[in-house]
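Keep in mind it's a predicted model, so treat the numbers as computed, not measured. All values below were derived from every heavy atom in this structure, side-chain atoms included, with hydrogens, water molecules and symmetry-related copies excluded.
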Amino acid sequence: MEPPPLSSLQEEGEEGPTVEDSSVFSAAVVPPRPATHHSLHKYAPLDWSAYFDEERRVAIPDTDNVFNAYTTGSEGPVVFCLHGGGYSGLSFALAASQMKDKARVVAMDLRGHGKSTTNDDLDLSIETLTNDVIAVIRTMYGDLPPAIILVGHSMGGSVAIHVAARKEIRNLHGLVVVDVVEGTAMASLVHMQKILANRAQHFPSIEKAIEWSVKGGPLRNIESARVSIPSTLKYDESRECYTYRTPLEQTEKYWKGWYEGLSDKFLSCPVQKILLLAGTDRLDRALTIGQMQGKFQMVVIRHTGHAIQEDVPEEFASHILKFISRNKIGPNGVEIPGLIKKWQQ
């Protein structure tokens, strides 16, 4: 299906076309889109350096894989962020800038996304993605990592759960899963190809891609789109336009593996857990029972689309920092005030 011509984008105040609702790509209930106007300056790209301190190239030993990671902050535990399918590490840019005074934030580009380069960018199997994240953490921190909280959005939420369930990361103290529930995600898989096909596919400029992302695409926050969208694009020389860096439609054989059995695996992870949901996503049976038993905390965030960390970064960051504080997670692990005082005497 051909995308609508860019000239058909609505005038200011008109309702733009929307991506079909799905827990994988969009929230069931979305807020009004921001008013837009014709000034391309409003949609000009913003550089990552306004939000992160450093861009690191993490080369995995004995492989051809080099992962891009954005880092900021110098104190507190590490908040290690994993983005959703088709996004990039810069999806967490605005939230990172809100957390960097109290935590060290790392947001990597997963395989096939952003600036990461691997021996097979189309291998988005859950096993490969999980192995990649474990390898990046080990390469960055060695055998004695600081306290780590894994944060994963959508597909990245699945990866975070699988990493935590493997129990191979030392000093892992928290798991934050953002807007993905197994039951809803599995039910939406039959619609994913249609959702992908209905996106605008080609853009004459990066500014037009940013404009579409907030008028008809998945985002609601123009500033976040200006930071994150450029890293999700590549230039198509043959068509002389921009298109998507990650061809998600070619990875269909891996989709089921992202979400199958996710609820039980989430509940089995031996760390403190919180589930952040956009709107009123339904919990499946396993999660409903788990929540009743107090196995994890759940927060429903209103007035946001699927990408909570982009649409409401201040609120998102606040929930992460409260989670760290509530569970007393310090730079090296859980801190027990009484014991700390005794050690200091």
Side-chain angles (χ1 to χ4, degrees), residues 16 18-19 21-36 42-52 69-70 72 79-100 105-110 113-114 151-157 159-160 176-180 195 199-200 206-207 209-233 244-246 248 275-279 281 299-321:
T18 59
V19 178
D21 288 341
S22 156
S23 72
V24 180
F25 288 100
S26 60
V29 180
V30 296
R33 298 180 184 281
T36 54
K42 183 172 185 177
Y43 304 106
L46 295 173
D47 194 71
W48 63 266
S49 60
Y51 306 90
F52 290 98
Y70 302 93
T72 189
V79 177
F80 200 95
C81 302
L82 308 175
H83 60 78
Y87 294 80
S88 81
L90 292 179
S91 178
F92 294 94
L94 271 64
S97 69
Q98 298 286 325
M99 293 188 282
K100 64 182 180 182
V105 184
V106 178
M108 68 175 282
D109 292 336
L110 293 171
H113 294 75
V151 178
H153 169 239
S154 197
M155 178 194 79
V159 178
V176 182
V177 176
V178 185
D179 210 39
V180 58
I195 293 166
R199 299 184 297 176
I206 292 177
E207 289 83 356
I210 294 169
E211 182 179 6
W212 179 83
S213 74
V214 292
K215 280 190 170 183
L219 303 183
R220 304 291 176 268
N221 185 322
I222 292 174
E223 182 184 358
S224 188
R226 292 171 67 189
V227 185
S228 68
I229 290 298
S231 61
T232 69
L233 304 171
Y244 297 108
R245 154 77 170 94
T246 308
L248 287 173
L275 177 62
L276 303 181
L277 296 178
D281 204 344
V299 176
V300 177
I301 299 176
R302 311 288 179 177
H303 311 299
T304 176
H306 178 48
I308 299 172
Q309 72 279 9
E310 298 212 42
D311 292 349
V312 287
E314 296 88 355
E315 186 174 355
F316 177 84
S318 174
H319 284 298
I320 303 293
L321 294 177

Pairing residues for A95 by the side-chain contact (heavy atoms from CB on, under 4.5 Å) criterion, not counting sequence neighbours:
M99, P313, F316
Flag the pair H319 / I301 as yes when at least one side-chain heavy-atom distance between them is below 4.5 Å, and no otherwise.
yes
Side chain to side chain contact (heavy atoms under 4.5 Å, CB included) with P230: which of D47, I206, L90?
I206
So, H113 side chain and T232 main chain: donor-acceptor pair closer than 3.5 Å or not?
no
CD1 of I229 to CD of E211: how many Å apart, nearest 0.5 Å?
12.5 Å
Check against side chain to side chain contact (heavy atoms under 4.5 Å, CB included), T72 and Y51:
CA-CA 8 Å; T72 189; Y51 306 90; over 6 Å; no
To the nearest 0.5 Å, what is the distance between OG1 (T246) and NE2 (H83)?
7.5 Å
Could you work out, with side-chain contact (heavy atoms from CB on, under 4.5 Å) as the rule, every residue matching E207, not counting sequence neighbours?
L40, Y43, P45, S205
For A317 and Q98, work out which heavy atoms get closest and say how close.
CB-CB, 3.5 Å
What are the two closest non-hydrogen atoms of A278 and I308, and how far apart are they?
N-CD1, 3.6 Å
Mind checking ring-ring contact (aromatic ring centres under 6.0 Å, His included) for F52 and listing every partner two or more places apart, or none if nothing turns up?
Y70
Supply the atom-to-atom distance W48 CH2 to S228 OG, rounded to the nearest 0.5 angstrom.
15.5 Å
Which residue, S88, S231, S91, forms the side chain to side chain contact (heavy atoms under 4.5 Å, CB included) with D109?
S88
CG of L94 to CG of L46, rounded to nearest 0.5 Å, is 8.5 Å
Among V177, V176, V105, which one satisfies side chain to side chain contact (heavy atoms under 4.5 Å, CB included) with V151?
V176
How many angstroms lie between atom OG of S213 and atom CZ of R226, to the nearest 0.5 angstrom?
11.5 Å
Taking every non-hydrogen atom, the tightest pair across H153 and A307:
NE2-CA, 3.6 Å
I222 versus K42: any side-chain heavy-atom pair under 4.5 Å?
yes
Residue that, paired with H306, satisfies side chain to side chain contact (heavy atoms under 4.5 Å, CB included) out of D311, D179, V180, L219
D179
R220 and G305 have their tightest heavy-atom pair at CG-N, 4.3 Å
Flag the pair Y87 / M155 as yes when at least one side-chain heavy-atom distance between them is below 4.5 Å, and no otherwise.
no
Just verifying a value: how many Å separate K215 NZ and I210 CD1, rounded to the nearest 0.5 Å?
13.5 Å
